[in-house]
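FYI, the numbering just counts along the sequence from 1.
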Amino acid sequence: MNYKMMGRFIGYILLVEAIFMIPALLIGLFYGEDRASMGFGISIFLVFVIAMFLMLLCRGSKKGFKAKEGLLCVSISWIAMSLLGCLPFYIAGEIPSYLDALFETVSGFTTTGASILSQVEPLSKSLLYWRSFTHWLGGMGVLVFVLAVGALGDSKNGFTMHLLRAESPGPQVGKLVPKMKKTAEILYLIYIVLTIANVIFLLLGKMPLFDALCTAFGTAGTGGFGIKNDSIAGYSPYIQNVCTIFMLLFGVNFSCYYMLLLRQFYSVFRDEELRFYLGVVICSIVMITFDLRGIYDTFEETVRHAAFQVSSIVTTTGFATTDFDQWPSFSKAILLCLMAIGASAGSTGGGFKCARVLIVMKSLRRSVRQAISPQKVQVVRINNHMIDEKVLLNTHAYLAAYVSILFLSFLIVSLDRHYSVITNFSAVLSCFNNIGPGLEAVGPTCHYGGYSALSKIVLIIDMLAGRLEIFPILILCSRSTWGISANRRLFRRKRHTKVEGNFDETDQPENS
């Protein structure tokens, strides 16, 4: 494996992280937050030193990644970012436990929004800013950002494609334009423009600038870290509606926006995933609104809360305007289903993804038709394009891994006996799909701080696996990735050969 190139790239990632901590440091200095400023100062220094060490150690590396190395580089980068990105919380003492600080930071970078804090308003403004900014940085992906700014140049060996495929959500990743660097630039340009538009609309609703920035970061990254204890509930209906619209916008595949820029309106209108995504949203809002009749004072308030929570859950943002844990069972069941479905592929949202749901449904229909007419050739098509069999196999493998990890994590977390089955299952489902709030003891008005260290570690792994689409984490944990299985087989073969040789030598005198 190209370890030097991997180390060099991870060094660039950490350097970017150190640079993005500087605005938080300046905010801390501006507001006179001494402990928080010290925490950011020490953290920036440590991250910068480690980044420079890696870059100097791995200088002169040969460019070029295989698919396995790209997946490894992505998973190690996200783990390293999280391990170091949580230092400001821990050094400042505002989250005294390192594991809790790590949980909060991983939740931020993976755009989950699950918090161990019972109260967020006592946090320093600089830490609130960094906490929300991790959503924005993790939403599109920091590796995509590095590719966009061209920190490593435009390699001809294809490593950029491996990195983008490893970090971008969805069953398949393609280029918007021939060069991957240009594709990354287009994605981040769309991301930045939508974020700025979100901030402007929030400011028009008389939201303070600091609040607007933090809320826009959480909305753009579909993360859901609020800076108020009641999330978005305390803001005006106008601001809640703005958040609803922009959450839905960031849950759309960004390639649709690129097609709109090219004026390919018909292609966007005919996009099956977009229509499925919007259909799920509209149907869910209608059903929940009907189920909530009589609970709120007016029909407008009922529709507003229903639309907000549906948008928040299906895009895996996690903001809340009301305690939906108090809703009727039917409405909560719909929200649980939305947790699993998630947003569109190629968006900043998490979950299983609408594209995969479509592929699984159409694969099921093909299997039924093949059972009826075995002699007839059946293909799976989306947007009139035939889906490659390799993509179908990968989707089915992803589904198998998804279900396996979900239930294994649920069993381990259920060792915490003081939580109910609903709480534990919704906690795992929420973290694995990068949503944030669950039901009952981890609902929108509660937190994850009461879980044991083991459960928090499992949920941290779930958040990383969900954001990175499972396979990078599985490959990182695989023994064959590091050659352990091959080396063990080689060792056993040599040992077996040696034993056989010794046996022959000891037998020869007796036979003679």
_Applying ring-ring contact (aromatic ring centres under 6.0 Å, His included) to F45 and F48, what does each step give before you reach the verdict?_
CA-CA 5 Å; F45 175 76; F48 180 79; 8.0 Å; no
*Measure the spacing between CG of L213 and CG of L209 and express it to the nearest 0.5 Å.*
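Going from the CG atom of L213 to the CG atom of L209 covers 4.5 Å.
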*Calculate, to the nearest 0.5 Å, the distance between atoms CG and CZ belonging to N434 and F432 respectively.*
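The distance works out to 9.0 Å.
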Check whether [X] reaches the backbone of [Y] with its side chain - one donor and one acceptor, N or O, closer than 3.5 Å.
X    : Y    : result
S107 : F103 : no
E104 : I116 : yes
H135 : G108 : yes
R35  : A92  : yes
Y188 : M140 : no
S409 : V428 : no
S478 : L474 : no
Y448 : G436 : yes
E33  : K125 : yes
T348 : A220 : yes

*Test log, rule side chain to side chain contact (heavy atoms under 4.5 Å, CB included), inputs R131 and L117*: CA-CA 12 Å; R131 183 171 174 264; L117 298 171; 4.2 Å; yes
Counting C-beta onward and ignoring hydrogens, is there a side-chain heavy-atom pair between [X] and [Y] closer than 4.5 Å?
X    : Y    : result
F319 : T219 : yes
Y235 : D211 : yes
P88  : L127 : yes

*How about W130 and F20: are their ring centroids closer than 6.0 Å?*
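Ring centroids of W130 and F20 are no less than 6.0 Å from each other.
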*Intermediate values then yes/no, side chain to side chain contact (heavy atoms under 4.5 Å, CB included), L202 and T215*: CA-CA 9 Å; L202 291 174; T215 303; 4.0 Å; yes
*Does any pair with a residue in residues 84-102 pass salt bridge (charged side-chain N to carboxylate O under 4.0 Å, His left out), and if so which ones, sequence neighbours excluded?*
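As it turns out, the salt bridge (charged side-chain N to carboxylate O under 4.0 Å, His left out) pairs with a partner in residues 84-102, which skip direct neighbours, are D100-K456.
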*Per the side chain to side chain contact (heavy atoms under 4.5 Å, CB included) rule, which among V458, D462, I405, V421 passes with F410?*
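Per the side chain to side chain contact (heavy atoms under 4.5 Å, CB included) rule, the option paired with F410 is V421, out of V458, D462, I405, V421.
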_Using ring-ring contact (aromatic ring centres under 6.0 Å, His included), reason through F217 and F225 one step at a time and then give a plain yes or no._
CA-CA 9 Å; F217 290 153; F225 272 155; over 10 Å; no
*Classify the side-chain pair S124/S126 by whether it contains a donor and acceptor separated by less than 3.5 Å.*
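Per modelled atom types, S124 and S126 side chains form no pair under 3.5 Å.
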_Over-ring placement of R467 relative to F109, 6.0 Å and 45° cut-offs_ =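 Here R467 fails the 6.0 Å and 45° test against F109.
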*Kindly determine whether N433 and T316 satisfy side chain to side chain donor-acceptor pair (under 3.5 Å), including the steps that lead there.*
CA-CA 7 Å; N433 290 287; T316 70; over 6 Å; no
*Pairing of E121 and K228 as salt bridge, 4.0 angstrom limit*: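 Salt bridge between E121 and K228, a charged N being under 4.0 Å from a carboxylate O: no.
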*Should the pair E469-K353 be classified as a salt bridge under the 4.0 Å nitrogen-to-oxygen rule?*
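The answer is yes: the pair qualifies as a salt bridge.
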_Students often mix this up, so state it plainly: with edges at 30° and 60°, are the rings of F254 and F250 parallel, tilted or perpendicular?_
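Geometry flag for F250 against F254: tilted rings.
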*For side chain to side chain donor-acceptor pair (under 3.5 Å), just list the numbers for S452 and D416, CA-CA rounded to whole Å, side-chain angles, deciding distance to a tenth of an Å, and then say yes or no.*
CA-CA 7 Å; S452 65; D416 278 334; 3.0 Å; yes
*Set of side-chain contact (heavy atoms from CB on, under 4.5 Å) partners for I422, sequence neighbours left out*: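 Here the qualifying residues are S420, L439, E440.
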_Taking side-chain contact (heavy atoms from CB on, under 4.5 Å) as the definition, give me every residue that meets it alongside D34, ordered by chain and number, with sequence neighbours left out._
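Counting only residues at least two positions away or on another chain, D34 forms no side-chain contact (heavy atoms from CB on, under 4.5 Å).
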Counting only heavy atoms from other residues, nucleotides and ligands, does the tally under 6.0 Å from [atom1] of [X] exceed 12?
X    : atom1 : answer
Y98  : OH    : yes
Y129 : OH    : yes
Y419 : OH    : yes

*Evaluate the side chain to side chain contact (heavy atoms under 4.5 Å, CB included) criterion for residues E273 and N253: first the C-alpha distance (whole Å), next the side-chain angles of each, then the deciding distance (0.1 Å), finally the verdict.*
CA-CA 8 Å; E273 184 187 25; N253 193 323; 3.6 Å; yes
